[in-house]
Each structure stands twice: as C-alpha cells, then as structure tokens.
Amino acid sequence: MTWLITGGAGFIGAHVVRAMLDVGEQVVVYDDLSTGDPNRVPEGVPFVKGSTLDRDALDGTLVEFGIDGVVHLAAKKQVAESVARPLHYYRENVHGLQNLLEAVTAAGTRRFLFSSSAAVYGLPDVDLVSEDTPCVPINPYGETKLVGEWMVRAAGAAHGMATASLRYFNVAGAAGPQLADTGVFNLIPMVFEKLTEGRAPVIFGDDYATSDGTCVRDFIHVEDLASAHVTVARALGERGDGTDLTVNIGLGEGVSVREMISLIGEVTGYGPAAEPTVSARRPGDPARVVASADRMREELGWTARYDVREMVASAWEGWCLHHPEARR
Ligand SMILES: NC(=O)c1ccc[n+]([C@@H]2O[C@H](COP(=O)([O-])OP(=O)(O)OC[C@H]3O[C@@H](n4cnc5c(N)ncnc54)[C@H](O)[C@@H]3O)[C@@H](O)[C@H]2O)c1
C-alpha cells in the first residue's frame with residue numbers, strides 16, 4: 001500500500017515514516033515545514049511541501065501517488081500557544097483536517113489514522129485512563145483533537161473508510177540523535193534545558209495526592225509509538241472498510257515528576273546538580289494521567305519495547321547533538 005504521512009517531517013512523523021518503510025509499505029511525506037525539518041525525510045521517499053489548508057495540493061498528491069491510506073500527524077501541538085491563539089489552532093488542526101477528509105473521501109482512500117492526544121481527557125480523575133473515560137478537554141489544543149476524532153469517525157462511517165484515532169500520552173526518546181524532538185515543550189527537554197543552563201529543574205507543585213506529591217505521567221518511546229501505527233494500520237486492513245478504532249498509546253506506567261528528574265540526573269551524569277526546586281502548581285495540570293494500555297495490548301497484540309530510562313537516554317543524545325555544551 002502507499003501511505004500519505006502528513007507531518008512526516010516532524011518529530012513523530014519521521015519515526016512513523018521509518019516504521020512503515022521497515023514493514024515494506026510505500027510512503028509519501030506531505031508537510032508544510034512549519035515546524036518540520038526536510039532532513040528527517042529519508043532519501044528516496046517522495047516529499048511534497050504543502051499545507052493541509054491547500055485542497056488543490058492535497059487532491060493532486062492523492063492522485064499523483066495513488067494513495068491508499070493516510071496517517072495524519074500534521075498539526076499544531078503546543079497547549080499554551082493554543083490558549084493564546086485558539087483560532088489558529090482551530091484553523092490548522094480542524095479546518096486542515098476537514099480539507100484532508102474531503103480530499104480523501106473524494107479520492108476513495110480506504111484507511112485513515114489520526115494523531116490524537118491524551119489531552120482529549122482533560123483532568124481525568126481515575127487511576128488508569130481507558131478509552132471509555134469521558135473526554136472533557138480543558139484547552140483549545142485538546143478540543144481540536146477531540147473534534148478531529150469526531151470528524152474522522154463520522155467521515156469514515158459515511159464513506160466506508162476504516163479509521164482510527166491514536167491517543168498518544170507523553171512521547172519521548174528518539175531512534176537516533178538526529179531524529180530527536182528539538183522543541184522544549186514538555187518535562188524531559190525542560191529539565192535538560194535547566195541543567196544545560198546550570199540551573200535547578202523546577203517542580204510545579206509537590207502537594208498533589210500522589211505517592212511523592214508531584215504529578216504523575218505516562219511516557220512512551222517514540223519508536224514504540226511508531227510501531228503502534230503499524231499495528232493499527234494492519235488491524236484496519238484486517239477488519240476492513242467501516243472499522244473505527246480508538247486506542248490509547250502509553251506504557252500504562254506512572255512516573256512522577258520527581259522520579260523523572262532524579263532519573264534524568266542519573267542518566268545525564270548531572271546527579272546532585274539535578275536536585276529540583278519546588279514552586280507553585282500551574283493551573284490546569286492534572287495530578288495523574290496514566291493510560292490503560294489494555295486495548296492495544298489485548299485486542300491488537302501490541303507491546304512497547306522501551307522503558308523510561310531508554311527514553312531519557314536517547315532524548316539526551318539528541319539534546320547533546322544540538323547543545324554540545326550540555327554533555328558532562
Ligand atoms: N509530541 C507529543 O508528545 C504529542 C502528544 C500527543 C499528540 N501529538 C500529536 O502528534 C502529531 C505530531 O506531533 P510532533 O510531536 O511530531 O510535532 P511536530 O511539530 O514535530 O510535527 C508536526 C509536523 O506537521 C507539520 N505541519 C504542521 N501543520 C501543518 C499543516 N497545516 N500542513 C502540513 N504540515 C503541517 C509540521 O511542519 C511538522 O513537520 C501532532 O498531531 C500532535 O498533536 C504529539
């Protein structure tokens with residue numbers, strides 16, 4: 001099959017492209033390079049520079065390459081920016097998706113995988129978040145992902161297209177330093193940045209109702225996330241037209257912020273220099289968000305290979321490539 005990978009020049013997309021190639025699929029990357037890097041696209045893979053807002057370019061690409069399925073990763077992903085610029089997020093993430101769905105349903109594309117997020121759950125008050133936990137997003141980014149899931153499901157049902165929404169938890173690590181995430185938008189790179197600057201990492205609130213008082217999150221290695229796309233794509237193929245799947249992609253293991261900072265201190269060699277300071281809670285941070293990974297494991301037979309230490313180690317290699325002064 002030939003897959004269109006939107007956002008394939010991005011951090012996660014680059015790993016999905018490689019995972020699909022590894023199992024013998026053909027791929028075409030479609031990306032506007034707003035946050036992506038063309039050097040992440042492997043040699044020999046066709047690359048189209050275009051936006052999901054450009055319907056003509058989408059139509060042309062689907063026909064030119066005879067696209068059978070789409071993995072749609074292209075989106076804006078920063079929660080704080082989505083609060084400041086909500087309409088930009090609705091335009092890119094929702095209108096862009098609408099364009100793409102109109103194009104693929106007109107072209108008769110049979111499979112569609114959508115990058116969703118644990119942000120759809122908002123502030124879940126459960127030990128393990130299952131796919132049936134109510135979705136109550138608390139910021140425009142999470143809203144665009146939930147609306148996106150609805151659009152994908154409705155379009156699939158109406159046009160007999162097999163669809164899936166993959167709700168990623170906290171994505172970390174890299175398949176190699178050159179494929180690492182270069183943004184500083186979540187805990188691991190934020191701690192790397194502080195250590196590189198010779199400053200203490202910060203914990204936002206240590207009075208949550210968790211084992212050590214700090215927030216608990218579920219991290220997943222980006223290579224495992226990429227392999228989950230292959231598993232889901234296969235499942236759609238086996239189950240056929242009209243299938244719709246919603247799956248959490250996480251390890252199903254909680255790691256507290258304090259535990260993560262301590263592990264980063266060990267892995268990077270910063271040790272006691274990584275001793276954090278504690279400041280006030282940030283509004284909108286849930287105490288605990290940990291996936292139930294049962295559906296992926298039990299119904300689709302997927303298992304993650306990498307643990308949290310491997311995520312930190314590979315993310316650190318990538319960080320050091322871009323910040324050589326960081327290495328001790
Ligand atoms: N990184 C995470 O922890 C995480 C967690 C949950 C969900 N997600 C989702 O995964 C997807 C990929 O995230 P990422 O971390 O790789 O981000 P990224 O910014 O590295 O990748 C996004 C890619 O999409 C491209 N893009 C953005 N808007 C576009 C548009 N309108 N048209 C064409 N291309 C466009 C960018 O240039 C970039 O290459 C996103 O949909 C994001 O919301 C990411």
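Just follow the structure's listing: the first ligand is 1, and inside any ligand the first atom is 1.
Ligand 1 has no atom lying under 4.0 Å from any heavy atom of T6. The shortest separation from a heavy atom of L73 to ligand 1 is under 4.0 Å, placing the residue in contact. Assignment of S51 to the shell around ligand 1 is supported, since a heavy atom sits closer than 4.0 Å. The closest approach between any non-hydrogen atom of K76 and ligand 1 is below 4.0 Å. Ligand 1 has at least one atom lying under 4.0 Å from a heavy atom of L33. Ligand 1 does not have G8 within reach: every non-hydrogen atom of the residue lies 4.0 Å or more from it. The shortest heavy-atom distance from H72 to ligand 1 is not under 4.0 Å. Look at S116 and you'll find a heavy atom under 4.0 Å from some atom of ligand 1.
By the criterion of side-chain heavy atoms lying less than 4.5 angstrom apart, applied directly or through intervening Ile, Leu, Val, Met, Phe, Trp or Tyr residues, V17 is grouped together with V230 in one hydrophobic cluster. Tracing side-chain contacts under 4.5 Å through hydrophobic residues (I, L, V, M, F, W, Y), one reaches L195 starting from V257; they form part of the same cluster.
No side-chain donor from either of D206 and T214 sits under 3.5 Å from a side-chain acceptor of the other. Between the side chains of T163 and D244, a donor-acceptor pair is found at a separation under 3.5 Å. One side chain, E143 or Y90, offers a donor N or O that lies under 3.5 Å from an acceptor on the other. For the residue pair T6/H72, the side-chain donor-acceptor check at 3.5 Å is satisfied. At a cut-off of 3.5 Å, with distance as the only test, a side-chain donor of E149 or S116 sits close to an acceptor on the other residue. Residues W319 and T196 bring a donor and an acceptor atom of their side chains to less than 3.5 Å of each other.
Taking only nitrogen or oxygen atoms, main chain and side chain alike, F169 does not reach within less than 3.5 Å of ligand 1. Between Y141 and ligand 1, a contact under 3.5 Å exists for at least one N or O pair. For D31, a nitrogen or oxygen atom sits less than 3.5 Å from a nitrogen or oxygen atom of ligand 1, counting backbone and side chain alike. The shortest N or O to N or O distance between T35 and ligand 1 is below 3.5 Å. In terms of N/O distances under 3.5 Å, ligand 1 is approached by G36. Annotation: D37 places no N or O atom under 3.5 Å from an N or O atom of ligand 1; distance criterion only.
Of the heavy atoms in T52, both backbone and side-chain atoms come closer than 4.0 Å to ligand 1. By the criterion of a heavy-atom distance under 4.0 Å, neither the backbone nor the side chain of A119 is placed next to ligand 1.
Scanning all protein heavy atoms for the shortest distance to atom 2 (C) of ligand 1 gives V171 CG2, 3.8 Å. The protein atom (non-hydrogen) at minimum distance from atom 30 (C) of ligand 1 is D32 OD2, 3.2 Å. Y168 CE1, 3.3 Å is the protein heavy atom nearest to atom 10 (O) of ligand 1. Shortest contact from atom 21 (O) of ligand 1 to any protein heavy atom: G10 CA, 3.5 Å. In terms of protein heavy-atom proximity, atom 23 (C) of ligand 1 is nearest to G7 CA, 3.6 Å. Among protein heavy atoms, atom 44 (C) of ligand 1 sits closest to I12 CD1, 3.5 Å.
The number of heavy-atom neighbours closer than 6.0 Å to CG of D125, taken from other residues, nucleotides and ligands shown, is 12 or below.
Comparing R40, E92, K77, Q78 against atom 15 (O) of ligand 1, the shortest heavy-atom distance belongs to K77.
Close contacts of ligand 1 with A74, meaning ligand atoms under 4.0 Å from a residue heavy atom, involve 24 (O), 26 (N), 29 (C), 33 (C), 34 (N), 35 (C). Near G50, the atoms of ligand 1 lying under 4.0 angstrom from a non-hydrogen atom of the residue are 32 (N), 33 (C). If you number the atoms of ligand 1 from 1 as listed, the ones under 4.0 Å from a heavy atom of F11 come out as 15 (O), 16 (O), 20 (O). Below 4.0 Å from some heavy atom of A9 lie the following atoms of ligand 1, by number and element: 39 (O).
Taking the six-membered ring for Trp, H229 and Y168 have ring centres closer than 6.0 Å.
Between Y89 and the options E81, Q78, K76, K77, a side chain to side chain donor-acceptor pair (under 3.5 Å) holds for only E81.
A salt bridge is defined here as a Lys NZ or Arg NE, NH1 or NH2 lying under 4.0 Å from an Asp or Glu carboxylate O, and R18 with E223 fails to meet this definition. With salt bridges taken as basic N to acidic carboxylate O contacts below 4.0 Å, one links R309 and E266. A salt bridge links R327 with E317: at least one charged nitrogen is closer than 4.0 Å to a carboxylate oxygen. Under 4.0 Å is where a charged nitrogen must lie from a carboxylate oxygen, and between D37 and R40 no such pair does.
With values rounded to the nearest 0.5 angstrom, F204 atom CZ is found 14.0 Å from R281 atom CZ.
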